Amino acid sequence: MNQKQASSDQIERIDRITSAIATLESQKKQIIAQGEVAPPGTVVSRYQVRQQQNIYWYYKLQAQEPIFPKTNEAKSFSKYKHLGKPGSQAHITAVMQVVRRSQIDEIQRTIDTLSQNLLDVGFDEQPKQKSNN
């Protein structure tokens, strides 16, 4: 491949990568427009409460760090946000927020990889022509 073809190939690869990044950024915006997104690192967890002979299942939004305001203490935070029974509005809302967070995180990882690929293409070295000396 001559230098002109190699340069053209490099430009085409850069265009494809930047186009893919733009598409992914657009997808991220669409997901964000669907509704609130859970904070990074949060999950919906199920827990059990036993009362006498009965067992009840409840759900909570759980974070790695205390980020949820406590209802009974001003300026105090908890790692947990009670969501209630399965299928409650709070439970379903939190599940959808976590799904949007997961989708955004995966898209962002892909964008980061493509950005690194873009740098790799920019630093591609062309094979040196052998001189006849």
Side-chain angles (χ1 to χ4, degrees):
M1 183 181 299
N2 68 31
Q3 188 148 357
K4 187 175 182 180
Q5 288 172 326
S7 178
S8 177
D9 174 63
Q10 186 178 33
I11 290 169
E12 288 176 15
R13 288 185 291 144
I14 288 171
D15 287 345
R16 281 192 293 268
I17 292 171
T18 55
S19 176
I21 290 171
T23 299
L24 292 169
E25 289 288 356
S26 176
Q27 288 178 1
K28 262 179 45 177
K29 288 178 184 174
Q30 288 174 351
I31 293 167
I32 291 168
Q34 292 174 0
E36 191 174 340
V37 178
T42 56
V43 295
V44 174
S45 299
R46 181 173 83 149
Y47 66 97
Q48 184 181 85
V49 175
R50 293 175 186 239
Q51 291 181 347
Q52 298 172 2
Q53 305 249 333
N54 296 323
I55 297 174
Y56 301 97
W57 291 98
Y58 294 101
Y59 288 83
K60 61 186 172 184
L61 190 58
Q62 183 173 337
Q64 296 169 347
E65 301 291 326
I67 59 171
F68 303 111
K70 289 185 177 180
T71 55
N72 55 352
E73 298 175 39
K75 298 184 181 180
S76 185
F77 296 91
S78 171
K79 290 182 181 183
Y80 311 103
K81 179 181 179 182
H82 177 73
L83 302 174
K85 296 179 180 180
S88 68
Q89 186 61 49
H91 170 242
I92 299 303
T93 298
V95 167
M96 296 310 295
Q97 290 173 354
V98 170
V99 167
R100 285 190 283 274
R101 166 55 57 201
S102 297
Q103 291 171 335
I104 289 169
D105 289 350
E106 183 60 32
I107 290 170
Q108 188 58 55
R109 279 190 292 276
T110 304
I111 289 170
D112 294 345
T113 298
L114 286 172
S115 295
Q116 181 62 49
N117 298 156
L118 192 57
L119 289 173
D120 295 343
V121 170
F123 287 108
D124 274 356
E125 288 194 31
Q126 303 303 322
K128 305 240 189 254
Q129 298 279 337
K130 289 185 179 179
S131 63
N132 292 337
N133 294 348

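Only a predicted model underlies this, so the values are computations on that prediction, with no experimental measurement involved.
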Side chains of residues 21-36: which donor-acceptor pairs under 3.5 Å do they make with residues two or more places apart or in other chains?
residue	atom	partner	partner atom	Å
Thr23	OG1	Ser19	O	3.0
Lys28	NZ	Gln108	OE1	2.5

**Request:** Would you tell me whether Gln116 and Asp120 have side-chain atoms, one donor and one acceptor, within less than 3.5 Å of each other?
**Result:** yes
**Asked** Quick one: side chain to side chain donor-acceptor pair (under 3.5 Å) partners of Gln89, sequence neighbours excluded?
**Response** Thr93
**Message:** Around atom NZ of Lys70, are there more than 12 heavy atoms from other residues, nucleotides or ligands closer than 6.0 Å?
**Reply:** yes
**Request:** Using a cut-off of 6.0 Å, state whether more than 12 heavy atoms not belonging to Arg50 lie near its atom CZ.
**Result:** no
**Item:** Fellow cluster residues of Val43, listed by chain then number, with links counted only when side-chain atoms sit under 4.5 Å apart
**Value:** none
**Item:** Co-members of the apolar cluster containing Phe77 [side chain, <4.5 Å]
**Value:** none
Indicate every side-chain donor-acceptor pair of residues 54-65 with a distance under 3.5 Å to a residue at least two apart or in another chain.
residue	atom	partner	partner atom	Å
Asn54	ND2	Tyr56	OH	3.4
Gln62	OE1	Ser45	OG	3.1

With a 4.5 Å cut-off on side-chain heavy atoms, are [Y] and [X] touching?
X: His82; Y: Tyr47; value: yes
X: Leu114; Y: Asn117; value: yes
X: Ser102; Y: Glu106; value: no

**Prompt:** Would Arg101 and Asp105 satisfy side-chain contact (heavy atoms from CB on, under 4.5 Å), going step by step from the backbone distance to the final call?
**Reply:** CA-CA 6 Å; Arg101 166 55 57 201; Asp105 289 350; 3.1 Å; yes
Are [X] and [Y] in one and the same hydrophobic cluster, where Ile, Leu, Val, Met, Phe, Trp and Tyr link if side-chain heavy atoms are under 4.5 Å apart?
X: Val99; Y: Ile107; answer: no
X: Leu118; Y: Ile111; answer: yes
X: Val98; Y: Ile67; answer: yes

**Asked** Got a sec, which pairs hit ring pair (Phe, Tyr, Trp, His ring centres under 6.0 Å) with one end in residues 8-36, sequence neighbours left out?
**Response** none
**Message:** Just verifying a value: how many Å separate Ile14 CD1 and Gln10 CD, rounded to the nearest 0.5 Å?
**Reply:** 5.0 Å
